[in-house]
There are 2 protein chains.
Amino acid sequence: MRLGALAYARRVRLVIARCSVDYAGRLSAHLPLATRLLMLKADGSVLVHSDSLSYKPLNWMSPPATFSTIDPDQEQVDAGVSEIWKVSQAKTADLLVISIHEILHDSAHELGIDPGLQKDGVEADLQKLLAAQIELLGDGHTLVRREYMTAIGPVDILARDADGAAVAVEIKRRGDIDGVEQLTRYLELMNRDPHLAPVRGVFAAQEIKPQARTLAEDRGIRCLLLDYDAMRGLDDSHSRLF
Amino acid sequence: MRLGALAYARRVRLVIARCSVDYAGRLSAHLPLATRLLMLKADGSVLVHSDSLSYKPLNWMSPPATFSTIDPDQEQVDAGVSEIWKVSQAKTADLLVISIHEILHDSAHELGIDPGLQKDGVEADLQKLLAAQIELLGDGHTLVRREYMTAIGPVDILARDADGAAVAVEIKRRGDIDGVEQLTRYLELMNRDPHLAPVRGVFAAQEIKPQARTLAEDRGIRCLLLDYDAMRGLDDSHSRLF
DNA sequence: GAATGTATCTCGACG
DNA sequence: CGTCGAGGTACATTC
C-alpha cells in the first residue's frame with residue numbers, strides 16, 4: 001500500500017465550460033469552441049467529455065500529469081479566452097491545452113478510495129473445458145497435455161487423433177489472424193521434432209474471423225468453433241442480478 | 001416504475017453518490033458501495049467514474065440505452081438503498097443496475113452539439129501523402145492505387161517501379177514486427193497472381209523498430225522511413241498549437 | 001521494465 | 001448492417 005496515494009485529497013473537479021482544446025503528442029488534435037464537461041481527477045489527469053459518445057473522452061491526458069493555468073495573451077483575450085489550462089505529461093512530452101472562454105459550472109467533490117471492480121465469470125477457461133471435452137476435436141481424440149511447452153512458448157493443447165497422430169490446438173476467444181500466425185509458428189517448430197511429426201493444427205475459437213479462417217485453411221489448419229455456453233453446460237447461468 | 005428523468009435533449013447530468021453497481025452482459029461485474037461520479041449523457045448512456053484511473057470508467061453502459069428508476073424493495077431499503085437506477089440496452093440485453101444510497105451532488109447541464117475532434121498525423125494521412133509523393137519510393141515509380149484489395153485485405157499502396165514491376169507498400173505510423181508479417185502475407189498472396197508477380201515489398205513507417213527492420217530485410221522487404229513533417233511540408237498545412 | 005494478450009475494447013470506414 | 005483494421009488504444013499479466 002502506497003502512502004503517497006493516501007496523502008492526496010481524493011477529489012474530482014467538474015467544470016462545464018465553453019472551451020477549445022488542443023492536443024499535441026503522438027498526433028495532433030483540435031476541438032473547436034463548444035460547451036463541454038471537463039473532469040479533473042485527483043492524479044492530475046484530465047478528461048474532456050461531450051454529452052454523447054459514451055465511454056471515451058473527446059480528448060484527455062493520462063496520469064501522471066501536471067496541471068497549470070496560464071494567463072492568455074492580449075490576442076487570446078480579444079478572442080474571448082479568459083483562462084488557459086495546460087496539462088502536460090513529463091515522460092512523453094504530451095501536451096493538452098484547454099482554452100477556457102466561459103465557465104458555466106465548477107464544483108469539486110471528495111470521493112474517497114474506491115474498492116475497485118470485481119469481475120466474474122469472464123475468464124474463458126475454454127482451454128480447461130476443451131481439455132475436458134477433448135472429443136470435440138473429433139471421435140477418438142485423446143488429450144496429451146495442456147500448455148505443451150515448445151522452445152517458443154506453450155501450445156494450448158496437444159492431443160492425438162484416433163490414429164495416434166499429433167494435433168496441436170490453439171485456442172482463442174476471438175479467432176484473429178494473429179492467432180493463426182502463432183499456431184503456424186508452433187506447427188513449424190513441432191514438425192521438426194521427429195517424435196511429434198507430423199503435427200496437424202486446429203484453430204479453435206468462439207468466433208473465427210473470415211480472414212483468419214481463410215488463412216488457416218490455406219495453411220491446412222482446421223478451424224473449430226467453440227460454443228462456450230454449451231461446453232460450460234447450461235447449469236450455471238450468471239443470473240446473479242435477479 | 002417511472003420512466004427516464006433523462007429524456008432531455010443534449011444534456012448531461014452529473015451525480016456524486018454513494019452507490020453500488022452491478023453489470024450483467026458479456027460478463028458480470030460488481031462495484032461495492034463507495035462514493036463515485038455518475039455521468040448520464042443525453043443518449044441514455046451512463047458512466048461510473050472514480051477519481052483516478054483516468055480515461056476508462058469503472059463501469060458503464062453504451063448508447064443507445066434506456067434509463068429508468070425503480071423503487072427499492074423493503075430489504076433494499078433496510079440495506080440503505082434510496083433509489084435504484086436501471087440502464088439497459090435493448091439490442092444486447094446488457095443491464096446496468098446502480099443502487100443509490102445517498103446523493104451528494106446532482107446537477108444537469110446543457111452542452112449543445114459538439115463539432116467533433118479534428119485529427120492530424122494518423123496512418124491515413126501518411127498513406128495520402130505517400131500516394132501523392134509516390135516518387136519517395138524511388139525515381140520513376142508510379143501509383144497504381146491505394147487500398148489495393150486482396151483476398152485477405154487491402155494493401156495500403158500498390159505502385160510500379162521504373163521498370164514496371166509491381167511494388168506493394170505497407171504503411172505504419174510505428175513499424176513493428178506485426179506490420180512486416182502483414183506485408184509478408186500480402187506479398188505471398190500477390191506473388192501467386194501471374195498478372196502481378198513478381199511483387200516487391202516496401203515497409204514504410206515514421207519509425208521502424210530494429211527487430212522489424214531485421215525481419216523485413218531478411219525477407220527482402222525494403223524499409224522506408226517517412227518524415228511526416230517534411231511530407232506534409234510539401235503539401236500545404238500549418239501547425240495549430242503554436 | 002519490456003513484452004504479450006485481452007477488452008463489456010471503442011470507433012470509423014467500407015462493402 | 002456486418003466486417004475489418006486502427007487506436008494518443010487502455011489495461012492486466014507475465015517474463
Side-chain angles (χ1 to χ4, degrees), chain A residues 21-29 45-48 52-63 65 87 89 91-96 116-117 119-124 126-127 147 152-154 156 170-179 181-182 205-214 238, chain B residues 21-30 45-48 53-63 65 87-89 91-96 116-117 119-127 146-147 149-156 170-174 176-179 182 209 211:
Chain A
V21 183
D22 287 278
Y23 167 80
R26 301 266 179 82
L27 56 70
S28 301
S45 62
V46 176
L47 284 75
V48 180
S52 56
L53 294 169
S54 164
Y55 187 83
K56 196 179 176 177
L58 288 168
N59 218 324
W60 71 96
M61 180 60 69
S62 299
V87 189
Q89 220 199 17
K91 203 156 53 177
T92 60
D94 286 18
L95 179 63
L96 185 72
L117 186 67
K119 286 186 180 180
D120 196 31
V122 210
E123 263 325 294
L126 285 172
Q127 190 190 111
E147 303 285 350
I152 55 172
D156 288 338
E170 178 65 34
I171 300 173
K172 295 284 179 198
R173 214 170 73 75
R174 276 160 47 191
D176 216 343
I177 277 186
D178 289 349
E181 295 287 9
Q182 193 180 344
Q206 281 186 271
E207 176 197 346
I208 297 179
K209 304 231 167 145
Q211 293 193 349
R213 180 181 291 275
T214 302
H238 38 67
Chain B
V21 182
D22 287 278
Y23 168 80
R26 299 261 186 93
L27 56 75
S28 299
H30 174 71
S45 62
V46 176
L47 284 74
V48 181
L53 293 169
S54 168
Y55 190 81
K56 195 178 176 177
L58 289 167
N59 216 325
W60 71 94
M61 178 61 67
S62 300
V87 188
S88 54
Q89 221 200 15
K91 202 158 61 173
T92 60
D94 286 18
L95 179 63
L96 186 71
L117 187 66
K119 282 187 182 178
D120 188 26
V122 290
E123 185 188 316
D125 292 317
L126 284 173
Q127 192 190 109
R146 288 167 46 198
E147 303 286 348
M149 270 311 292
T150 73
I152 55 170
V155 177
D156 287 338
E170 179 63 36
I171 301 174
K172 293 289 176 196
R173 214 162 40 72
R174 276 162 21 193
D176 61 12
I177 280 188
D178 286 351
Q182 191 179 345
K209 303 237 168 132
Q211 290 188 347

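Reckoned from all heavy atoms, side chains included, excluding hydrogens, waters and symmetry mates. Residue numbers begin at 1 in each chain, while the letters A, B, ... track the order of the sequences.
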Separation of [N] [atom2] from [X] [atom1] (nearest whole Å):
{"X": "Arg26(A)", "N": "dG7(D)", "atom1": "CZ", "atom2": "P", "answer": "11 Å"}
{"X": "Leu117(A)", "N": "dA12(D)", "atom1": "CG", "atom2": "C1'", "answer": "13 Å"}
{"X": "Leu58(B)", "N": "dT8(C)", "atom1": "CG", "atom2": "C1'", "answer": "14 Å"}
{"X": "Trp60(A)", "N": "dT9(D)", "atom1": "CH2", "atom2": "P", "answer": "8 Å"}
{"X": "Met149(B)", "N": "dA13(C)", "atom1": "CE", "atom2": "C1'", "answer": "13 Å"}
{"X": "Lys56(A)", "N": "dG7(D)", "atom1": "NZ", "atom2": "P", "answer": "10 Å"}
{"X": "Leu96(B)", "N": "dT8(C)", "atom1": "CG", "atom2": "C1'", "answer": "10 Å"}
{"X": "Tyr55(A)", "N": "dG12(C)", "atom1": "OH", "atom2": "C1'", "answer": "16 Å"}

Under 4.0 Å between a side-chain N/O of [X] and OP1 or OP2 of [N], yes or no?
{"X": "Lys172(B)", "N": "dA6(D)", "value": "yes"}
{"X": "Gln182(A)", "N": "dG5(C)", "value": "yes"}
{"X": "Ser62(B)", "N": "dT8(C)", "value": "no"}

Might you point out which heavy atoms bring [X] and [Y] nearest each other, and give the distance in Å?
{"X": "Ser54(B)", "Y": "Pro63(A)", "result": "CB-CD, 3.6 Å"}
{"X": "Asp94(A)", "Y": "Arg26(A)", "result": "OD1-N, 4.4 Å"}
{"X": "Met61(A)", "Y": "Ser45(A)", "result": "O-CB, 3.2 Å"}
{"X": "Val87(B)", "Y": "Val46(B)", "result": "CG2-CG2, 3.6 Å"}

TODO: Using heavy atoms to find the nearest nucleotide of DNA chain C for Ile171(A) and Pro63(B) separately, return the residue whose nucleotide is more 5′.
DONE: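 The residue whose closest nucleotide sits nearer the 5' end is Ile171(A).
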Open item on the list: Let me spell it out: for each of Asn59(B) and Ser54(A), pick the nucleotide of DNA chain C with the closest heavy atom. Which residue's pick is nearer the 5' end?
Closed with: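 Closer to the 5' end of DNA chain C: Asn59(B).
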Task: Contact nearer the 5' end of DNA chain D, comparing Arg173(B) with Glu123(B) - done: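 It is Glu123(B), whose closest nucleotide lies nearer the 5' terminus.
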Task: Contact nearer the 5' end of DNA chain D, comparing Ala212(A) with Gln89(A) - done: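 Taking each residue's closest nucleotide, the earlier one in sequence belongs to Ala212(A).
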Task: dT4(C) and dT8(C), which share atom name P, separated by this distance in whole Å - done: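 Each nucleotide's P atom is 22 Å from the other's.
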Task: Any side-chain heavy-atom pair of Asp156(B) and Glu123(B) under 4.5 Å - done: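 The answer is yes, as the side chains (C-beta and beyond) meet within the 4.5 Å cut-off.
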- [ ] Please indicate yes or no: is the ring centre of Tyr23(B) less than 5.5 Å from the centre of the six-membered base ring of dT8(C), with the two planes inclined by under 30 degrees?
- [x]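 Stack criterion met.
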